[in-house]
Amino acid sequence: MKYWLMKSEPEVFSIDHLKQMPEQTDHWDGVRNYQARNMMRDQMKVGDQVFFYHSNTKEPGIAGIMEVVREGYPDHTALDPESRYFDSRSSRENPRWYMVDVRYKRHLRRPVPLAELKQHRALGDMPLVHRGNRLSIMPVTEHQWRYILELESI
DNA sequence: GCCAACGTTGGC
DNA sequence: GCCAACGTTGGC
């Protein structure tokens with residue numbers, strides 16, 4: 001089992017939105033970055049654990065935990081001209097973008113803000129804490145995962 | 001609102 | 001293939 005972190009702007013889609021979905025499950029659509037796509041298409045497996053990160057908000061940080069419940073499959077929003085994620089270069093025969101399905105597990109006992117994550121040397125290797133990082137999906141090591149789970153209880 | 005970082009586009 | 005211009009992300 002592997003660990004991940006996925007970013008979303010809470011104004012657009014927050015962990016509370018996910019919790020309110022039928023079966024507390026939704027597809028993670030709209031990712032339009034090749035590195036992130038490759039992780040969803042090739043590496044994320046059912047049962048993998050994922051931090052839900054709130055970005056571009058007053059206090060960005062890790063809000064909770066979800067789980068991969070369906071592995072990479074084509075992102076249909078790329079085929080929908082009405083969607084803000086439409087991409088004319090994608091097609092049903094040759095899909096360019098992929099998504100996974102995730103299910104809500106729980107909120108952290110408290111949101112752990114980015115500013116706090118940055119203070120811990122043990123997390124210094126996370127792309128998240130580095131300036132200018134724009135990767136919206138990233139792997140998390142088991143060590144980092146456990147470390148952050150200890151932070152929520154402080 | 002500003003701006004750094006960085007991915008993408010397109011002219012050559 | 002290079003690289004300048006442009007667009008987007010996202011912290012602050």
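- Grouping Ile, Leu, Val, Met, Phe, Trp and Tyr residues whose side-chain heavy atoms lie under 4.5 Å apart, directly or via other members, places A:Tyr34 in a hydrophobic cluster with A:Trp97.
- The two residues A:Ile15 and A:Ile65 make their nearest non-hydrogen contact at CD1-N, 4.1 Å.
- The pair A:Asp75-A:Arg32 meets the salt-bridge criterion, with a side-chain N (NZ, NE, NH1 or NH2) lying under 4.0 Å from an Asp/Glu carboxylate O.
- Here the closest non-hydrogen pair linking A:Trp28 and A:Met99 is O-CB, 3.2 Å.
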For DNA chain B, please output the secondary structure as dot-bracket, reading 5' to 3'. Pairs are Watson-Crick or G-U wobble, both atom distances under 3.5 Å; mark crossing pairs with [ ], other-strand partners with |, unpaired with a dot. ||||||||||||
Before you tell me yes or no, could you show the steps for A:Trp4 and A:Tyr53 under ring-ring contact (aromatic ring centres under 6.0 Å, His included), namely the whole-Å CA-CA distance, both residues' side-chain angles and the distance that decides it to 0.1 Å? CA-CA 10 Å; A:Trp4 306 92; A:Tyr53 178 86; over 10 Å; no
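- Under the rule for a side-chain contact (heavy atoms from CB on, under 4.5 Å), the partners of A:Arg70 that lie at least two apart in sequence or sit in another chain are A:Tyr73, A:Asp101.
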Identify all pairs in which a protein N or O lies below 3.5 Å from an N or O of nucleotides 2-4 of chain C, and state each distance.
none

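- The shortest heavy-atom contact between A:Arg110 and A:Pro113 is NH1-CD, 4.1 Å.
- Ion pairing of A:Arg146 with A:Glu142 is present here, as a side-chain N (NZ or NE/NH1/NH2) and a carboxylate O approach within less than 4.0 Å.
- The salt bridge (Lys or Arg N to Asp or Glu O under 4.0 Å) check on A:Arg109 picks up nothing, with sequence neighbours excluded.
- Atom CZ of A:Arg103 has 12 or fewer heavy atoms from other residues, nucleotides or ligands within 6.0 Å.
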Can you give me the N/O atom pairs linking the protein to nucleotides 8-10 of chain B at distances under 3.5 Å, or say none if there are none?
unit_1 : atom_1 : unit_2  : atom_2 : d
B:dT9  : OP1    : A:Arg89 : NH1    : 3.1

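- Every pair passing salt bridge (Lys or Arg N to Asp or Glu O under 4.0 Å) that includes a residue from residues 52-68 of chain A is listed here, sequence neighbours excluded: A:Glu67-A:Lys105.
- A search for side-chain contact (heavy atoms from CB on, under 4.5 Å) contacts involving A:Phe86 returns A:Pro81, A:Ser88, not counting sequence neighbours.
- Of all the residues in residues 50-59 of chain A, A:Tyr53, A:Ser55, A:Asn56 reach under 4.0 Å from DNA chain C with at least one non-hydrogen atom.
- Annotation: A:Asp80, atom CG; neighbour count of heavy atoms from other residues, nucleotides and ligands within 6.0 Å is above 12.
- Looking at residues two or more places apart in sequence or on another chain, you find a side-chain contact (heavy atoms from CB on, under 4.5 Å) between A:Tyr147 and A:His120, A:Ala122, A:Leu123, A:Leu151.
- Listed in residue order, the members of residues 123-135 of chain A having a heavy atom less than 4.0 Å from DNA chain C are A:Asn133, A:Arg134.
- Not counting sequence neighbours, the partners of A:Phe13 by the ring-ring contact (aromatic ring centres under 6.0 Å, His included) test are A:His17.
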